Amino acid sequence: MRRIYNRIKYFEKFRKIIDFSIVLMIAMFCFISLETGNHNTGFLSVKYLYLNIGTIFFSIIIFSCLFRKLWISAAIHSIILNILAVVNYYVIIYRWVPVSTADINNIGTTMNVVNGYTFSITKNIVLIGCCFCISGVFTMLLYQREKANVEKNIKKTVNNLVAILVCTCVFFYTGYFSENSVKPVQTLTWSWQESYHQYGYLASTIEVFCESLDPVKMPETYNEKNLTNFSERRKHSSTNTQYSDVILILNESYYDLRQIAEITTDVPYMDYFENLENTVKGYAVVPDSGGGTNKSEYELLTSNSLQLAPNIVPFNTLDLRKANSIASYMSDLSYSTVGAHSEPALNYSRGRAYNELEFENIYFDGDFENLEYYQAREFETDKCLYDNLIKMYEKLPSEKARFLYLLTIQNHGGWDMNESADDFIHVNEDFGQYTEQINEFLSCMYLSDLALKDLIEYYSNVDRPVVLCIVGDHSPAFANEIVDNMDDIVTRLKLCSTPFLIWANYPIEEKNLGYIGMNALVPNILQAADMPLSPYYEYILDTSKQVPVLTAFDVYVDKAGDIYQYAEKTVYTDLVNQYLNLEYNNIGKHAERIQELFEP
């Protein structure tokens, strides 16, 4: 017995090592869950395995100091990280971007649209479940060990705590924040997979979180002294004595699949859009494909490219008070303004954002009447929202010009809510499991086309000058699945290019602008309406003549269609950098804004 007792006492010397080894196993299986949910089919290099597993390990250890029990901290981490893995798995399928810390405020938005999606149990979900169960077994082992061993030596406990804090600080500093850190400080590029799949989900999420602390990056060339003369360079001053009413519609998932695939249908689905005359048409390049409405909405309303803040949800992250937007700009021109969306004001914090962007009249879900739906689909049709828009338009005072902005919802995913018999449009090609989704999506596009026809017929008969613009917010999520190569930048550009149309009920110069950045759309609307342009809007139009597309994913495109990275030196570098400097002066945390650059 004495021999057994002595052996137990000998192994008790290594109790902490055994406990930490168990925690390391829990961290490893949590890591496997996260990478499975991250759709990562490759293998991380050894140093990034160490970084991600170590991050979970030290997080469990640190929180155990708070809970005073390793097993409690391990259980909480295991539950949270495995739930995150499952959520992330489905989010990437339907939104094509991973969950990040910026999405915390979007939980309400997610719950409002989650019923529109189908969640099937795949082998990835089963693997995550297995990892969770194995983590649970190791957690129970920790529980049994800690129940039998209670540390009573206060001095030893304090020493352990200090050692843990020192080791944790050294790990995170050398792993993330030192000059020669294991993971480079900035890794996120136009393709999120490049970072998340190379460096790991957790390490990349930490980078996104760090960027969110100061979300707008100051350009290296920023110098306010170089901007002071911009207010004097105004070229365009309107000669109009009566400003046009302006209608701006951001249409949910309004996208032409023919950009990325050979598609023919039994019935045309954008016939009215394509044949409408007296228009300015083209494609607007938006920040994301397959999702990201709020990013598109921000770029459209502010004309600010998210290249300076690529990993944020703008309305949740940015302080928009006194922000310069098309709403505040039109108010300065004595317009009555309306901002409207048929979903709850909490979604993407739009209730707060629309107020801060200075919309005078704001409408959300409860303010819309006589709502209609396309068979079993849960989202209001364009037709009924346009009918509501007309009522809002007619309520505005007749003595003032009117600006109305509407965000629609009809074409929101998923696209498997209706029976096949309810589809109006059918593709002639076979896209496998996506064929039925494409049919339902194109049927929604067909309804959008009919609704646009009715709306323009209404404004054709209004005895006031009206300019109307419709543009899509992003491609449908399944578009990412039917392309050959998501890692190709040309494909990415097409996936992010949504159709737009500017029309007036009086003659305007008809033209096709091809591809332009979403940030350039409003200046083009104002130019088509012959309205005053701020120095900022003017510079955007001037830049567009040489560089029509400024993306939010590290590249820009010149008039010849050649693609360049912002970081490389080109003949356009000074032109592009000056735009980014102007934008930073507008929204940068450390800038002293020169307000006259952004006013009519």
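Just so it is clear, the structure is predicted and the values come from calculations on it, not from any experiment.
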If the plane angle is over 60° it's perpendicular, under 30° parallel, otherwise tilted; pick one for H39 and Y89.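 Plane angle under 30°, so parallel.
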
Evaluate the ring planes of F359 and Y405, with Trp represented by its six-membered ring, and classify them as parallel (under 30°), tilted (30 to 60°) or perpendicular (over 60°).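 Rings of F359 and Y405: parallel, as their planes differ by under 30°.
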
Rounded to the nearest 0.5 Å, how far does CD1 of I263 lie from CG of L442?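 Reported to 0.5 Å precision, the distance equals 6.0 Å.
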
Spacing of L308 atom CG and E583 atom CD [to the nearest 0.5 Å]: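 Here the interatomic distance stands at 4.5 Å.
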
Sole candidate of L597, T543, L526, L533 that passes side-chain contact (heavy atoms from CB on, under 4.5 Å) when paired with E538: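 It is L533, the one option of L597, T543, L526, L533 that forms the side-chain contact (heavy atoms from CB on, under 4.5 Å) with E538.
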
Considering non-hydrogen atoms only, spot the tightest contact between [X] and [Y] and give its length.
X	Y	result
H474	G292	CD2-N, 4.0 Å
Y48	Q198	CD1-O, 3.5 Å
Q259	Y515	OE1-OH, 3.0 Å
A27	I53	CB-O, 3.7 Å
F478	W415	CD2-CE3, 3.6 Å

When you compare the side chains of [X] and [Y], does any donor N or O come within less than 3.5 Å of an acceptor on the partner?
X	Y	result
S303	N519	no
Q307	T551	no
N251	N411	yes
S534	Y539	no
Q546	D558	no
E224	Y222	yes
D473	T498	no

Examine distances only and state if a side-chain atom of [X] and a backbone atom of [Y] form a donor-acceptor pair shorter than 3.5 Å.
X	Y	result
N585	E592	yes
S181	F177	no
N52	Y199	yes
N88	A85	no
E510	N278	yes
Y269	C444	no
H341	L407	yes
T408	E252	yes
S244	V246	no
E358	S328	no

With S33 via side chain to side chain donor-acceptor pair (under 3.5 Å) - residues at least two apart: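 So S33 forms a side chain to side chain donor-acceptor pair (under 3.5 Å) with N82.
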
Would you please name every residue forming a side chain to side chain donor-acceptor pair (under 3.5 Å) with Y354, sequence neighbours left out?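 Y354: side chain to side chain donor-acceptor pair (under 3.5 Å) contacts with E297.
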
With a 4.0 Å cut-off on N to O distance, would you call E274 and R258 a salt bridge?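 Between R258 and E274 there is a salt bridge, with a charged N closer than 4.0 Å to a carboxylate O.
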
Do K281's NZ or CZ and the ring of F273 fall within the cation-pi criteria of under 6.0 Å and 45°?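 Yes - K281 lies over the ring of F273, closer than 6.0 Å to its centre and within 45° of its axis.
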
Hey, mind stepping through V280 and L501 against side chain to side chain contact (heavy atoms under 4.5 Å, CB included) and telling me if it holds? CA-CA 6 Å; V280 177; L501 170 153; over 6 Å; no

Run T55 and Y50 through side chain to side chain contact (heavy atoms under 4.5 Å, CB included) and show every step you take. CA-CA 8 Å; T55 299; Y50 147 80; over 6 Å; no

Tell me, with the steps shown, if Y283 and F500 meet ring-ring contact (aromatic ring centres under 6.0 Å, His included). CA-CA 6 Å; Y283 290 93; F500 73 83; 7.9 Å; no

How about Y537 and Y329: are their ring centroids closer than 6.0 Å?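 Centroid distance Y537-Y329: below 6.0 Å, so yes.
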
Applying side chain to side chain donor-acceptor pair (under 3.5 Å) to S289 and N480, what does each step give before you reach the verdict? CA-CA 8 Å; S289 62; N480 298 304; 3.0 Å; yes

